[in-house]
Amino acid sequence: IEKEADVIVIGGGGAGLAAAVSASEEGASVILIEKLPMLGGNTIRSGGALNVVYPERQERQGIEDSVDKHFEDTYQGGDELGNPELIRTLVENAYPALRWLEDKGLELQDEVFTVLGALWPRSHESVDPLGSGFIRVLQTEAEKNGVEILMETAAEELIIEDGRVVGVLATSKGNTVTLKANKGVIMATGGFAANVDMRVRYNPDLGANLQTTNSPGATGDGIIMGEAVDANLLGMDYIQSLPLGDPETGSLTGWAGNDAANYLFINKEGNRFVSEAGRRDVMTNGLIEQTDSFMHIVVDSQSMPDGSKNHFNETIEDLVERGQTLKAMSLEELAEKMNVDVDNFTETIAKYNEAVDTGVDEFEKHLLDKKIDQAPFYASPRVPTAHHTMGGLEINNEAQVIDINGNVIPGFYAAGEVTGGIHGSNRLGGNAITDIITFGRIAGKNVAGN
Ligand code: ADP
């Protein structure tokens, strides 16, 4: 089978779909291929929060913010290891990218909040559950613009002629498919946290002992295909784990809580051990050091009133009924259900409630909102889980892929988790969706215009 288009997009997650839509808006013909039988990748399984400085929405809640602050949080949050130019591009183009999606029908929930690891209340969430709002809106738009989507079609190799990427060799249900790209190829295959061998190659601590939040498609294919055409790789050993894994499956689902300002991490001894509003790497490393690398997330009914849902569209009643979250009418009863020392636990909560009053917390939690004092109380068991790979293909501000000698590889673009060098050593919670829609859009626009 042979096909041809101006633009070939590899990967049908958020970055690939954003790129396909943006290229098609510029008048390019586009073929998008996805190796799994469904679109969405890790994007659709994520909590779906994205960080954007959005004054009209933040001002309603009295939140002060600026693009410079988003820049600083992102740069410092990644230990100053991210490329400042790419971070600038990210934070400056995030707002127009989100408005672009809203124009296409993405609806946001009213509340602006702080998703775990975001460091500041600039996280927005769509009304559709998880990341499904982004995928639904982009897929609808792609179809409307005539993007041809080939499912169960896996890219195997880039075709390169005279140093230029001119197409892709793929397999589809046993057939070889040759896809010719007149203008260029956009790699949007996501990360590699679901590929245990690859994880261990770059970070030996993150082997099969760790589960993952990832889609089975997140196996680093785009990084391997890029390497084969001499693309430069950056930050491959920076792999983010979250302290939010389901003990059975590693999944992010199944816990009660919403805003980092309003939940506590409690270890097996009944103590806190870290700021719950801190960096993801700090929180996860803190958890790894606790007994059995295990904790409960504790909230009260102010965070999870009857009938309320978590970020994963699960009601508090369902979580309790399925046994994933414990419920109790008093803190003492909750401690017993959690199997932690009652005195330690009640003392921990009393101390925290005091900190909410004084504004001074022993773990320097800078976002303190409500006390934990309204029954019923809830606790959800959690373990570390491999989540996001910060490393990948080096790109420039135009989303062009850079080779090992520092030169642009003509015809080759990349966006999303497959790229490296933006988030440094630690990606802020909520910055991934921002990244994929912002750079996906840039990649699509630039490839179409070249
Ligand atoms: P991002 O957040 O960067 O968009 P996602 O994980 O959401 O990343 O999406 C990446 C998509 O790419 C997934 O749907 C995944 O199945 C798909 N994919 C991964 N490898 C290939 C490949 N070799 N060929 C086609 N699609 C791929």
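Whatever order the structure lists ligands and atoms in, that order sets their numbers, starting from 1.
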Using distance alone, determine whether [X] and ligand 1 share an N or O pair under 3.5 Å.
X: Ile436; answer: no
X: Val418; answer: no
X: Ala155; answer: yes

**Request:** Determine whether more than 12 heavy atoms belonging to other residues, nucleotides or ligands lie under 6.0 Å from atom CD of Glu152.
**Result:**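 It does: Glu152 CD has more than 12 such atoms within range.
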**Message:** Counting only heavy atoms not in Asp110 (residues, nucleotides, ligands), do more than 12 fall under 6.0 Å from its CG?
**Reply:**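 No, not enclosed.
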**Item:** Mutual orientation of the aromatic rings belonging to Trp255 and Tyr263 [parallel < 30°, tilted 30-60°, perpendicular > 60°]
**Value:**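 Because their plane-to-plane angle is over 60°, the rings of Trp255 and Tyr263 count as perpendicular.
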Note: [X]-[Y] ion pair, threshold 4.0 Å (strictly below):
X: Asp435; Y: Arg427; value: no
X: Arg279; Y: Asp79; value: yes
X: Arg60; Y: Glu111; value: no
X: Lys69; Y: Asp73; value: yes
X: Glu314; Y: Arg322; value: yes

Would you mind running through ligand 1 and noting each atom that sits below 4.0 Å from a heavy atom of [X]?
X: Gly416; result: 3 (O)
X: Leu36; result: 16 (O)
X: Ala188; result: 10 (C), 11 (C), 12 (O)
X: Gly40; result: 7 (O)
X: Gly12; result: 11 (C), 12 (O)
X: Gly41; result: 5 (P), 6 (O), 7 (O), 9 (O), 13 (C), 14 (O)
X: Met225; result: 23 (N)
X: Gly14; result: 4 (O), 7 (O)

**Prompt:** Is the backbone of Ala193 close enough, under 3.5 Å, to the side chain of Arg199 for a donor and an acceptor to pair up by distance?
**Reply:**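 Indeed, once roles are kept as given, a pair shorter than 3.5 Å links the two residues.
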**Item:** Backbone of Lys183 reached by a side-chain donor or acceptor of Asp6 within 3.5 Å
**Value:**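 Absent.
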**Request:** Ignoring hydrogens, just give me the one of Thr189, Leu17, Leu32 whose non-hydrogen atom is nearest atom 21 (C) of ligand 1.
**Result:**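 Comparing heavy atoms across Thr189, Leu17, Leu32, the nearest one to atom 21 (C) of ligand 1 lies in Thr189.
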**Request:** Give the single entry among Asn42, Asp221, Asn214 that approaches atom 20 (N) of ligand 1 most closely by any heavy atom.
**Result:**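 Among Asn42, Asp221, Asn214, the closest heavy atom to atom 20 (N) of ligand 1 belongs to Asp221.
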Provide, to 0.1 Å, the distance between [atom] and the closest protein heavy atom, together with that atom's residue and name.
atom: atom 7 (O) of ligand 1; result: Thr43 OG1, 2.6 Å
atom: atom 13 (C) of ligand 1; result: Glu34 OE1, 3.4 Å
atom: atom 27 (C) of ligand 1; result: Lys35 CG, 3.7 Å
atom: atom 8 (O) of ligand 1; result: Gly190 CA, 3.4 Å
atom: atom 3 (O) of ligand 1; result: Glu417 N, 2.8 Å
atom: atom 12 (O) of ligand 1; result: Gly11 CA, 3.3 Å
atom: atom 9 (O) of ligand 1; result: Gly13 CA, 3.2 Å
atom: atom 4 (O) of ligand 1; result: Ala15 N, 2.8 Å

**Message:** Checking Arg164 against Glu161 for the salt bridge (charged side-chain N to carboxylate O under 4.0 Å, His left out) test, could you report, in this order, the C-alpha distance in whole Å, the side-chain angles of both residues, the deciding distance, and whether it holds?
**Reply:** CA-CA 5 Å; Arg164 184 183 175 88; Glu161 272 172 21; over 6 Å; no
**Request:** Determine whether the side chains of Ser425 and Asp281 contain a donor N or O and an acceptor N or O closer than 3.5 Å.
**Result:**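 Side chains of Ser425 and Asp281: no pair found under 3.5 Å.
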**Message:** Here's one to test your reading of the geometry: is the NZ or CZ of Arg88 within 45 degrees of the ring axis of Phe71 and under 6.0 Å from its centre?
**Reply:**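 Checked: cation-pi criterion met.
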**Request:** List the steps and the verdict of side chain to side chain contact (heavy atoms under 4.5 Å, CB included) for Asp246 and Gln324.
**Result:** CA-CA 8 Å; Asp246 179 293; Gln324 288 173 304; 3.5 Å; yes
**Request:** Mind checking whether Glu156 contacts ligand 1 via backbone (N, CA, C, O), side chain (CB onward), both or neither, at a 4.0 Å heavy-atom cut-off?
**Result:**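 Contact part for Glu156 vs ligand 1: neither.
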**Asked** Counting only heavy atoms, which portion of Ile10 has something under 4.0 Å from ligand 1: side chain, backbone, both, or neither?
**Response**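 The part of Ile10 near ligand 1 is the side chain, not the backbone.
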